[in-house]
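I have placed the structure first, in the form of structure tokens, so that the comments after it can refer back to it.
Computed from a prediction, not measured in an experiment: that's the story for all the values here.
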Amino acid sequence: MGCCFSANDGYEYDDDAVSGSVNEVPRVTGVHQFTIRQYSGVKGKGVGKSVLSRNFTVAGREWFVRFYPDGYNSDTSDHVAFFLQSLYRPSCGSVYHVEFSFALLGGGGAVLHDVRIDRPCRFDNRNNSWGVRKYITREQLEGAALGAIHDDALTVRCTMHVIQRRRRGAGRPVATGPGGPVRVPVPPSCHARNAMEFLLSGDAPFDLEIHVGDATFGAHRLALAGQSLYFRKLLYGQVGNEASSPVIRLREMSPEAFGAVLHYVYHDSLPAEATTKGRNAAAMAREVFEAADMYAMERLKLMCASNLCRFIGDDTASGIMELAKAHSCDPLKKACENYMKRRRIPFNPDS
């Protein structure tokens, strides 16, 4: 969806320069460019409903951007909002102080509107989301004078600076006495990341073979069971042959759709091909959405629902709304209803 990168800021000094020093707080800078396509379809999701960017990494953590096309809350419903959020809440005791900005880009990358948060915001285990509730009025955003919307799409660039503040005692000499050190610094937890990196490294052989149509996939039973209640009961419920068999067969979907599910299990994101606009993109989005519901993977289901919003149109809104009802997805159902209200397409809200 856009390029993202991280870089350490710093100074270079000339050997012949006048002697001096700067006490600079180290920081890591990251930039992510988020393009919202089919804005006319995204608009109308409802107040408090958001569209998510892909995840990106800065300072060793995963982040994403939230866009609220119909306002963050009822008090700010005449404005659009942008928020920066960490994918996981920092572990207890870990704190990230972040300065960030959101810049609307026009043709050629020109900045049309920029809002900066220069006061460092504290991301911790209590609050992992900060943003701008009144970023710009919807009237200004959609106006021809600003020129932010091209081909029914708009692009925002999020620039963030993670300030690497040392915790008390970090980076200082460890206090010592006659018996040796009296304090040992402990780094932040990397338990979950280490486990997934090990599974993806290839050092842990697959212990499950999954046949879907003519395709065969390798996987780890623990990884599947950890992400899906369906697979937990299937593989560890001691009911049926699958609980002990190293091979299972799935007949409910295409290999491409299951590949997207498996990508989510290991990467916590949808693969790029599942979020593009190719000929079969809508059918793929629908199939992965149905699979996420069947496998009881609620976060994946909502990611797919957000993806399906790109395909809401005059000819598709009714069908997508019926899909949302069939799979008990109220946010997707509401997005369809809002679109149909705006387009004056008749529907039965109580069905």
Side-chain angles (χ1 to χ4, degrees), residues 1-10 25-36 50-67 82-103 105 109 116-117 120-132 155-167 170 187-204 223 226-227 259-276 297 299-300 302-304 306-307:
M1 190 162 296
C3 62
C4 44
F5 58 87
S6 297
N8 287 315
D9 289 342
V25 178
R27 59 176 62 195
V28 176
T29 298
V31 178
H32 185 76
Q33 192 162 297
F34 179 25
T35 299
I36 299 100
S50 60
V51 178
L52 310 184
S53 74
R54 290 185 183 176
N55 301 335
F56 56 96
T57 303
V58 179
R61 295 199 64 83
E62 295 288 308
W63 309 82
F64 61 91
V65 174
R66 285 186 179 272
F67 171 56
F82 284 101
F83 272 66
L84 174 66
Q85 184 168 334
S86 60
L87 181 59
Y88 302 108
R89 292 181 183 273
S91 57
C92 187
S94 296
V95 177
Y96 292 81
H97 294 87
V98 183
E99 299 171 356
F100 57 92
S101 65
F102 294 111
L105 303 182
R116 299 176 180 273
I117 306 298
C121 296
R122 179 187 175 100
F123 289 76
D124 54 25
N125 66 326
R126 291 187 177 182
N127 191 346
N128 67 329
S129 178
W130 290 87
V132 184
T155 298
V156 66
R157 182 175 65 211
C158 175
T159 303
M160 58 184 292
H161 308 284
V162 181
I163 301 171
Q164 307 282 56
R165 292 180 177 173
R166 294 188 178 95
R167 292 178 296 176
S189 172
C190 51
H191 181 272
R193 186 180 74 246
N194 287 348
M196 196 53 65
E197 286 179 353
F198 171 65
L199 291 177
L200 290 169
S201 69
D203 294 333
Q227 295 290 345
V261 172
L262 203 59
H263 185 279
Y264 170 82
V265 167
Y266 285 98
H267 298 277
D268 196 37
S269 65
L270 286 169
E273 58 269 21
T275 58
T276 57
M297 303 170 77
R299 173 172 159 77
L300 175 59
L302 291 175
M303 290 172 66
C304 294
S306 178
N307 191 27

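Atom CD1 of I117 is separated from atom NE2 of H161 by 12.0 Å, given to the nearest 0.5 angstrom. Rounded to the nearest 0.5 angstrom, F83 CZ and C121 SG are separated by 10.0 Å. Distance check: L300 CG to D268 CG gives 9.5 Å after rounding to the nearest 0.5 Å. Taken to the nearest 0.5 Å, the CZ atom of F100 stands 8.5 Å off from the CH2 atom of W130. Rounding to the nearest 0.5 angstrom, the gap separating the CZ atom in R66 from the CG atom in L52 is 5.0 Å. In this structure, CZ in R61 is found 12.0 Å from CG in N55, a value given to the nearest 0.5 Å.
Residues F67 and I36 approach most closely at CD2-CG1, 4.0 Å, considering heavy atoms. Heavy atoms only, all atoms of each residue included: H263 and P271 are closest at ND1-N, 3.6 Å. Across all non-hydrogen atoms, the minimal contact from F102 to L84 is CZ-N, 3.8 Å. When all heavy atoms of T29 and V58 are compared, the closest pair comes out as C-CG1, 4.3 Å.
Residues meeting the side-chain contact (heavy atoms from CB on, under 4.5 Å) test with M303, sequence neighbours left out: Y264, L270, R299. For Q227, there are no side chain to side chain donor-acceptor pair (under 3.5 Å) partners, not counting sequence neighbours. Not counting sequence neighbours, the partners of Y266 by the side-chain contact (heavy atoms from CB on, under 4.5 Å) test are M196, L199, L200, F206, A219, H220, A223, L262. Applying the side chain to side chain donor-acceptor pair (under 3.5 Å) criterion to R157, with sequence neighbours excluded, gives no partner residue. Scored by the side chain to side chain donor-acceptor pair (under 3.5 Å) test, S101 finds no partners at all (sequence neighbours excluded). Legend: residues meeting side chain to side chain donor-acceptor pair (under 3.5 Å) with S306, ordered by chain and number and at least two apart, are absent.
Looking at D124 and R122, a side-chain N of the basic residue comes within less than 4.0 Å of a carboxylate O on the acidic one, giving a salt bridge.
Between F56 and H32, the ring planes lie parallel to each other; the angle is under 30°, not in the 30° to 60° tilted range.
Here the two rings, on F123 and W63, have centers that are under 6.0 Å apart.
N128 places a side-chain N or O within donor-acceptor distance of the main-chain N or O of S86, the cut-off being under 3.5 Å.
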Please lay out, stage by stage, how V132 and F82 fare under the test side-chain contact (heavy atoms from CB on, under 4.5 Å).
-> CA-CA 6 Å; V132 184; F82 284 101; 5.5 Å; no

